[in-house]
Number of protein chains: 2
Amino acid sequence: MSILIRNILAVLPDAEKKYVVKKADVRIEDDKISEIVLCEGSSCGVEVTNSGVDAYGEAKNCGTDADEIIDGTDRLLIPGMVNAHTHSYMAFMRNVADDLAFTDWLFGTISPIEDAMTDEDAYWGANLAILEMMKSGTTCFNDMQMNIHQTTRAVKESGMRAVISRGLVGNGNDEAGAMRLRQAYEERDAAKDCDRLSFFLGPHAPYTCDEAFMRIVAEEAKKNDMGIHIHLSESATEIENCFKQYGCTPIALADRAGLFENPTIAAHCVYATPEDMQIMKEKNVSVVTNPASNMKLGNGFAPVAKMMESGVNVCLGTDGAASNNALNMFSELRLLSLIHKGTAKTAQCVSAKEGFEMATISGARALRMEDAIGSIEVGKKADLAILNLKTPSMQPNNNLVAALAYSANGSEVETVIIDGKITMKNREILTMDEERIYFEIGRMMKKMGLEGKEY
Amino acid sequence: MSILIRNILAVLPDAEKKYVVKKADVRIEDDKISEIVLCEGSSCGVEVTNSGVDAYGEAKNCGTDADEIIDGTDRLLIPGMVNAHTHSYMAFMRNVADDLAFTDWLFGTISPIEDAMTDEDAYWGANLAILEMMKSGTTCFNDMQMNIHQTTRAVKESGMRAVISRGLVGNGNDEAGAMRLRQAYEERDAAKDCDRLSFFLGPHAPYTCDEAFMRIVAEEAKKNDMGIHIHLSESATEIENCFKQYGCTPIALADRAGLFENPTIAAHCVYATPEDMQIMKEKNVSVVTNPASNMKLGNGFAPVAKMMESGVNVCLGTDGAASNNALNMFSELRLLSLIHKGTAKTAQCVSAKEGFEMATISGARALRMEDAIGSIEVGKKADLAILNLKTPSMQPNNNLVAALAYSANGSEVETVIIDGKITMKNREILTMDEERIYFEIGRMMKKMGLEGKEY
């Protein structure tokens with residue numbers, strides 16, 4: 001299967017890996033980008049022809065033929081967004097509990113619903129999440145949860161790419177913790193046939209895993225060459241309790257337990273100290289910032305600018321829909337690029353390009369896929385989104401990376417390609433039954449007594 | 001002309017003016033909402049019939065006939081958003097200057113472009129702004145700028161509703177200031193035939209109008225029964241300079257100059273003190289908060305929660321596209337409902353319902369149109385937006401005001417009615433030529449040497 005995207009403005013990395021927007025022809029062969037050929041001139045709206053050179057001036061030719069040809073006129077090609085932290089099945093809990101204190105939120109509303117949730121509910125929840133992400137240009141997500149089989153099922157069917165972590169909770173060498181680890185491996189082994197799926201181990205957090213259990217998980221990850229996905233330093237309460245129990249920060253504890261000897265992606269780090277940042281830099285830990293969730297639950301603002309300065313790889317996530325409430329990486333990128341200017345009181349903090357990097361290649365790096373996804377380069381997987389530039393938010397057509405960060409809302413995404421396959425075309429999802437998903441979500445709400453509920 | 005919207009979930013005010021979501025039939029006769037009749041049951045997805053009672057239990061009947069019938073199945077009816085502070089023509093400057101310090105932003109980029117701007121440029125800029133607002137459910141905006149004739153022209157043609165202020169700059173009784181006042185009156189008089197247009201006087205800010213000129217404007221407003229639209233306490237520099245020159249805060253200065261003896265809408269107030277809030281409460285001054293702009297220019301976060309506590313009427317605006325960069329009130333509402341939870345470190349600060357109120361009825365109140373727009377009530381103008389609930393961001397269909405604040409992005413808006421006329425239907429704009437607007441914006445960019453420019 002080959003796809004040729006002709007005459008499209010594309011957000012490409014230049015030799016210094018900074019973004020440039022150039023008009024190009026892009027060829028996809030099977031699952032990979034096989035050629036990128038620049039067109040004459042790079043201004044939008046100008047009729048151009050294949051110039052026969054790639055971004056580095058080398059002679060190339062994309063040809064004019066392919067199984068599928070996409071006209072790139074008035075369109076923008078970007079690498080698909082990488083949502084580096086979410087809990088996909090929670091999409092059906094989008095509006096069930098808002099404007100509540102954390103304990104009322106979790107124990108009063110979220111937990112009882114999770115208790116009532118069946119396998120099928122988890123499956124349709126994951127489907128709704130994937131639908132929302134795909135429709136807003138996300139092509140890969142990093143997930144943590146309990147019922148991972150239903151998510152891998154939805155990922156396989158939908159054509160999405162994902163990294164899945166079975167949420168692990170445990171105390172020392174207990175049977176419950178061991179059972180959860182077994183589930184993680186079983187699912188990994190069962191999904192070996194799907195190239196779009198990979199697996200991390202997911203010790204949930206220092207307040208749900210004790211140090212001994214974290215140590216076991218660290219060793220398991222090492223033995224199995226798996227990455228670690230964990231929540232760290234999300235709330236002030238977590239820090240306080242961690243100091244009481246262990247005499248150190250959650251980040252220092254995770255390091256002490258050996259988790260960081262494995263490639264680690266740490267969600268939140270709202271309360272990371274300079275010492276924590278030093279540890280994370282040295283151990284190559286990636287941080288996923290989740291601005292909406294951190295604000296919505298009243299945890300505050302992560303020290304993103306300071307973490308970037310410390311050399312930590314910072315990437316971007318939405319968290320679950322129960323605490324965001326959107327899984328739209330464009331909304332999240334807008335928040336990321338705005339809020340730190342507010343807290344630092346300077347317009348020169350987290351630029352549009354830095355934000356876009358966190359939403360794409362930095363997430364790929366955190367998920368051990370830097371060489372495969374996260375940017376538009378020959379040899380990488382064809383994980384791409386095509387935006388319509390004839391929309392108010394993308395007009396005028398200049399400084400388009402700024403438009404991606406500050407004015408786009410995700411609905412500009414028209415076509416999505418994952419692993420070389422078109423999964424959405426002109427906003428029609430080709431790999432999932434959108435109507436069916438809404439029907440099943442409605443059915444679940446009725447069953448749970450939440451249908452049409454208002455607070 | 002009559003419109004009947006049948007069987008639609010509607011965000012209605014209850015007897016205490018709190019929001020409830022109920023299924024209803026809504027009839028529009030000419031420019032007004034003439035009847036609202038509740039349907040049996042209020043859950044979505046349930047087949048219901050006109051119950052013959054309105055929200056207060058009174059017998060009613062919407063009938064079944066109208067010039068235009070809109071099926072409300074799987075749709076949500078909301079009052080159109082009121083964008084309470086913007087500079088519409090700046091839409092064409094959306095991405096020209098981002099991530100820059102304020103002086104580089106204003107004097108290095110924005111001002112030179114404004115200097116090169118013709119009447120036609122201002123007209124197409126206003127058109128792009130109105131297009132963006134209409135497509136994201138805004139039905140009224142409050143504008144301040146220099147070339148108001150081009151904006152009133154675009155407002156008249158597009159069917160939008162607006163309050164227009166000629167930006168006034170002046171020192172004492174100078175001729176330039178007097179000329180600007182004359183232009184304000186001329187435009188007001190010339191637009192008398194358009195019911196959708198009203199006019200405020202717009203003394204720009206205490207750093208561009210001296211106290212004597214503000215005094216003149218205050219008297220002119222009183223004489224002409226006009227409201228005041230002003231920027232106040234936006235940046236730390238403004239406060240510092242105001243204290244140096246006048247020995248008081250900008251808000252205290254505006255009060256001292258008599259401006260607040262007129263209905264006043266004050267943009268920003270990021271640095272409002274408790275004393276300022278007291279003055280504004282006593283003088284019934286409304287504050288427009290513009291979260292994106294305040295963050296993007298590095299000014300910080302307005303004390304919205306404190307102003308609300310003080311009893312000040314707080315409403316919501318996008319500011320101009322040069323400092324936001326979107327004119328999408330859904331994006332702005334999301335920011336408003338999230339950031340103050342972040343700064344206050346509590347989930348219980350600016351709830352979804354409070355945010356939605358600021359985006360609608362509070363803006364109407366600030367613009368002296370509380371009795372005419374801002375909520376769905378019999379006798380009010382039919383300024384309405386209809387959202388598609390079969391979109392991931394609105395699923396599941398419960399707690400829909402939370403969905404409006406936290407997960408909607410504006411693209412869910414399908415149909416817009418302003419002054420009883422359908423201006424957008426199934427996302428097609430009926431009153432403007434969308435393609436032409438993009439063409440003209442492209443032409444302007446080329447002329448200004450900004451076409452396809454990247455930084």
Side-chain angles (χ1 to χ4, degrees), chain A residues 20-21 42-45 92 94-96 98-102 105 128 131-132 135 292 294-301 324-326 328 331 334 338-339 341-342 345-348 351-352 390 392-393 395-399 402-403 406-407 409-411 438 441-442 445 450-455, chain B residues 20-21 42-45 92 94-96 98-102 105 128 131-132 135 292 294-301 324-326 328 331 334 338-339 341-342 345-348 351-352 390 392-393 395-399 402-403 406-407 409-411 438 441-442 445 450-455:
Chain A
V20 291
V21 179
S42 70
S43 302
C44 43
F92 76 89
R94 192 185 305 281
N95 307 310
V96 297
D98 300 294
D99 309 325
L100 291 177
F102 185 77
W105 174 80
L128 178 59
L131 179 69
E132 182 179 7
K135 289 195 98 170
N294 295 157
M295 289 188 278
K296 189 146 186 291
L297 298 178
N299 288 318
F301 305 93
N324 182 311
N325 299 354
N328 179 333
S331 302
R334 182 168 148 85
L338 287 174
I339 59 174
K341 294 175 170 69
K345 296 207 173 177
T346 165
Q348 292 164 299
S351 70
K390 283 200 167 175
S393 51
Q395 290 277 336
N397 290 168
N398 50 9
N399 296 318
Y406 298 122
S407 54
N409 60 48
S411 70
Y438 299 145
I441 294 294
M445 290 299 108
L450 294 167
E451 187 198 32
K453 195 183 158 192
E454 296 291 328
Y455 46 71
Chain B
V20 290
V21 179
S42 70
S43 301
C44 42
F92 76 90
R94 191 185 306 280
N95 307 311
V96 298
D98 300 294
D99 308 325
L100 291 177
F102 185 77
W105 175 79
L128 179 59
L131 179 69
E132 182 179 8
K135 290 195 97 171
N294 295 157
M295 288 187 279
K296 189 144 185 290
L297 298 179
N299 288 317
F301 305 93
N324 181 313
N325 300 355
N328 179 333
S331 302
R334 182 168 148 84
L338 287 174
I339 59 175
K341 294 175 169 71
K345 296 205 174 180
T346 165
Q348 291 163 300
S351 70
K390 283 201 166 174
S393 51
Q395 291 277 335
N397 290 168
N398 51 9
N399 296 317
Y406 298 121
S407 55
N409 59 49
S411 70
Y438 299 145
I441 293 293
M445 290 299 109
L450 294 166
E451 187 199 31
K453 195 182 159 194
E454 296 291 327
Y455 45 72

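Per chain, numbering begins at 1; letters A, B, ... match sequence-line order. Please read these numbers as outputs of a predicted model, since none were measured by experiment.
- Using a 4.5 Å cut-off between heavy atoms, A:V96 touches chain B through backbone and side chain atoms alike.
- With a threshold of 4.5 angstrom between heavy atoms, A:N294 does not approach chain B through any atom at all.
- The two atoms that bring A:S407 and B:N95 nearest to each other are OG-OD1, 4.2 Å, heavy atoms only.
- Heavy atoms closer than 4.5 Å to chain B are found in both the backbone and the side chain of A:S351.
- Considering only heavy-atom pairs separated by less than 4.5 Å from chain B, the leading option among A:Q348, A:K135, A:K341, A:R94 is A:R94.
- When heavy atoms are compared at a cutoff of 4.5 Å, A:L297 approaches chain B solely by way of its backbone atoms N, CA, C and O.
- With a 4.5 angstrom heavy-atom cutoff, A:K345 touches chain B via backbone and side-chain atoms both.
- Side chain of B:N328 to backbone of B:N409: a donor-acceptor contact under 3.5 angstrom is found.
- Note that CE of B:M445 and CD of A:Q395 are 9.5 Å apart. Values are rounded to the nearest 0.5 Å.
- For chain B, the option among A:V20, A:N325, A:I339 with the highest count of heavy-atom pairs below 4.5 Å is A:N325.
- The candidate with the highest count of non-hydrogen atom pairs below 4.5 Å against chain A, out of B:I441, B:L338, B:L128, is B:L338.
- Here the side chain of A:N324 pairs no donor or acceptor atom with the backbone of A:A292 at under 3.5 angstrom.
- The nearest pair of heavy atoms linking B:G342 to A:F301 is C-CE1, 3.4 Å.
- Contacts of A:L100 with chain B are made by backbone atoms alone, with heavy-atom separations under 4.5 Å and no side-chain atom involved.
- If you measure heavy-atom distances from B:K296 to chain A, the contacts under 4.5 Å come from both the backbone and the side chain.
- The CG atom of A:N399 lies 11.0 Å from the OH atom of A:Y406; values are rounded to the nearest 0.5 Å.
- Nearest heavy atoms, B:P392 versus A:E132: CB-CB, 3.5 Å.
- When each of B:S393, B:A352, B:S411 is scored by its heavy-atom pairs under 4.5 Å with chain A, the top score falls to B:S393.
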